[in-house]
Number of protein chains: 2
Amino acid sequence: MASLDSTPQAVPDLPGPAGTAAKQIPPAAVARLTLYLRALNTLLAEGVERVSSESLAEASGVSSATLRKDLSHVGSYGTRGVGYEVQYLSRHIAAALGLTHDWKVAIVGAGNLGKALARYGGFESRGFDVVAIFDADQMVVGNEVGWLRVSDVADLETVLHRTGANMVVLALPASVAQDVCDRVVAAGVRSVLSFAPIMLQVPEGVNLRKVDMATELQILAYHAQRAQAPGQTA
Amino acid sequence: MASLDSTPQAVPDLPGPAGTAAKQIPPAAVARLTLYLRALNTLLAEGVERVSSESLAEASGVSSATLRKDLSHVGSYGTRGVGYEVQYLSRHIAAALGLTHDWKVAIVGAGNLGKALARYGGFESRGFDVVAIFDADQMVVGNEVGWLRVSDVADLETVLHRTGANMVVLALPASVAQDVCDRVVAAGVRSVLSFAPIMLQVPEGVNLRKVDMATELQILAYHAQRAQAPGQTA
DNA sequence: TAGATTGTTAATCGATTAACAATC
DNA sequence: TAGATTGTTAATCGATTAACAATC
């Protein structure tokens with residue numbers, strides 16, 4: 001849906017902000033652009049054709065000032081006095097985020113989490129193809145997960161190359177995460193999303209993001225404790 | 001491990017920064033404190049007794065300036081010229097984060113993700129007890145997941161009260177997330193972690209955090225696209 | 001005392017908000 | 001033309017970094 005173009009070369013740029021060298025978008029804005037994109041695609045599915053910054057902002061849980069500021073980094077795709085055309089804006093945000101060609105994702109770890117990720121419909125529909133899933137356990141290698149068969153992590157490099165995977169998700173124990181991560185990076189992958197509860201080291205030029213469920217709960221605990229704490233208004 | 005005290009009342013405060021009304025810690029610092037805590041517990045397990053801001057910062061992937069600034073929000077638990085005592089600092093960070101009593105977590109959704117979360121060892125070891133897991137599918141209700149049996153989501157309110165759950169993790173489809181979230185909040189839970197790819201509305205006073213795997217991949221895509229883009233040095 | 005390292009202050013940087021001129 | 005809403009500018013706010021005085 002978000003994928004409009006599958007040329008594997010550099011994004012050809014829709015009309016866009018002139019032939020500019022595509023200015024950097026602030027990290028906080030990039031994160032929110034993904035929210036706007038989701039909200040726009042929901043509207044699109046509902047058949048809504050136009051939306052104002054005010055209502056798109058509300059659907060995304062941000063202020064309209066923030067939304068307009070964020071969109072200004074992408075370009076100028078609205079009409080004053082009118083609003084935004086849903087499909088048009090959606091396409092331009094997708095292009096700005098690099099979603100105009102499909103990304104091929106390999107998952108390392110076929111435990112509960114790896115399987116959950118492999119079967120998660122949200123990937124396919126957003127231009128991410130899961131092309132391989134690995135495990136080290138010989139009892140698990142060869143099993144079916146969704147459309148795929150579990151590959152042996154011993155064949156990591158071979159399978160990554162054969163499938164052309166350009167993103168890797170690590171869904172494995174902390175103890176082996178750094179080793180696998182090193183191999184993945186050595187195999188040429190430059191985008192890694194890790195669910196392992198450990199600080200991974202990657203060389204310059206490799207993008208690493210981390211999702212940590214225990215951390216999220218700890219942050220909730222901090223706020224919950226403060227809310228309960230005495231000293232404030234009961 | 002992180003749990004030192006199980007009194008269910010408000011944190012009794014170790015020596016702490018005087019009887020002060022516990023000043024607010026900036027959100028960015030709270031998130032990083034969880035990283036320091038993990039690194040400290042790793043050091044503790046390795047038998048390391050003392051650590052400098054420089055090396056703790058490196059283990060946590062931040063600068064030492066940032067680390068010392070963050071710790072200054074918690075209190076002043078180091079020794080100039082020497083460093084920090086690992087266990088002592090760990091305890092004080094845990095106390096500041098509200099991890100001195102156990103939190104009881106219920107998971108709604110016993111699909112792959114819910115099961116992965118229920119079995120994730122990182123929770124128990126950090127003071128989070130998973131006390132219940134729910135599903136709507138009658139084929140799944142009654143199944144064993146780790147130590148638990150899957151409860152019927154129809155009994156949500158009853159089971160939440162009986163188990164004393166004070167945190168809920170939503171691991172369910174977007175289509176039912178808001179409904180279940182409303183029920184959870186109505187049952188008195190004020191801390192919710194959602195994995196559903198949708199913007200949930202919660203009333204004032206309820207803490208909601210969101211983890212979104214598709215969003216993480218999209219953010220990676222943005223950076224990967226930029227790295228590949230022409231115009232920069234090849 | 002000399003060397004080391006914290007805790008804090010001040011300077012820089014980036015993100016958010018508010019307001020409004022441009023313009024459909 | 002009058003009403004509405006964008007895109008942008010300027011002001012505010014918070015977070016990060018660097019530097020160093022305090023002190024073990």
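Please read these numbers as outputs of a predicted model, since none were measured by experiment. Every chain is numbered from 1 and lettered A, B, ... according to where its sequence line falls, protein lines coming before strand lines.
- Checked against C/dT8, C/dA15, D/dT8, the side chain of A/Pro26 finds its nearest nucleotide in C/dA15.
- Between the P atom of D/dT6 and the OH atom of A/Tyr88 lies a distance of 15 Å, rounded to the nearest Å.
- The base of C/dT5 has none of its N or O atoms less than 3.5 Å from a complementary donor or acceptor on the side chain of B/Arg80.
- As a whole-Å value, the separation of B/Glu58 CD from C/dT5 C1' is 16 Å.
- Rounded to an integer number of Å, the gap from CG of A/Leu71 to P of D/dT5 is 16 Å.
- For C/dT16, one of the phosphate oxygens OP1 or OP2 lies less than 4.0 angstrom from a side-chain nitrogen or oxygen of A/Arg32.
- Around the CD atom of A/Gln178, the shell of radius 6.0 Å holds more than 12 heavy atoms that belong to other residues, nucleotides or ligands.
- Note on A/Arg50: nothing from the nucleic acid sits closer than 4.0 angstrom, heavy atoms only.
- For A/Ser90 and A/Asn41, the side-chain atoms include at least one donor-acceptor pair closer than 3.5 Å.
- Residue B/Pro27 places its side chain closer to D/dA15 than to any other of C/dG7, C/dT17, D/dA15.
- Stem analysis of DNA chain D (at least three stacked-register Watson-Crick or G-U pairs, each with both distances under 3.5 Å) gives C:3-24 with D:3-24.
- Atom C1' of nucleotide C/dT6 and atom CD of B/Glu85 are separated by 16 Å, given to the nearest angstrom.
- In this structure, A/Tyr88 has its ring center under 6.0 Å from that of A/Tyr77.
- Other residues, nucleotides and ligands place no more than 12 heavy atoms under 6.0 Å from the CZ atom of B/Arg190.
- An OP1 or OP2 oxygen of C/dG7 is reached within less than 4.0 angstrom by no side-chain nitrogen or oxygen of B/Ser72.
- Nearest nucleotide to the B/Ser63 side chain, out of D/dT17, C/dT6, C/dT17: D/dT17.
- When the P atom of D/dT17 is taken as reference, atom CD of B/Glu54 falls 13 Å away, rounded to whole Å.
- Nucleotides of DNA chain C nearest to B/Arg68 and A/Ala28 differ in position, and the one nearer the 5' end is that of B/Arg68.
- In this structure, B/Lys104 does not pair ionically with B/Asp129, as no charged nitrogen and carboxylate oxygen lie closer than 4.0 Å.
- Ion pairing between B/Glu216 and A/Arg209 holds under the 4.0 Å rule for side-chain N and carboxylate O.
- Close to C/dG7, at under 4.0 Å from its OP1 or OP2, lies a side-chain N or O of B/Ser76.
- One interatomic measurement links the two molecules: CD1 of A/Ile25 to P of C/dT16, which rounds to 14 Å at whole-angstrom precision.
- Distance, A/Lys23 NZ to C/dG14 P: 17 Å, rounded to whole Å.
- In the displayed structure, B/Arg119 atom CZ is contacted under 6.0 Å by more than 12 heavy atoms of other residues, nucleotides or ligands.
- Taking atom CG of B/Asp70 as the reference point, atom P of D/dT17 lies 10 Å away to the nearest angstrom.
- For A/Thr66, a side-chain nitrogen or oxygen approaches OP1 or OP2 of C/dT17 to under 4.0 Å.
- Within 6.0 Å of CZ on B/Arg183 lie more than 12 heavy atoms contributed by other residues, nucleotides or ligands.
- The side chain of B/Tyr84 places an N or O atom within less than 4.0 Å of a non-bridging phosphate oxygen (OP1 or OP2) of C/dG7.
- At the phosphate of C/dT6, neither OP1 nor OP2 sits under 4.0 Å from any side-chain N or O atom of B/Thr79.
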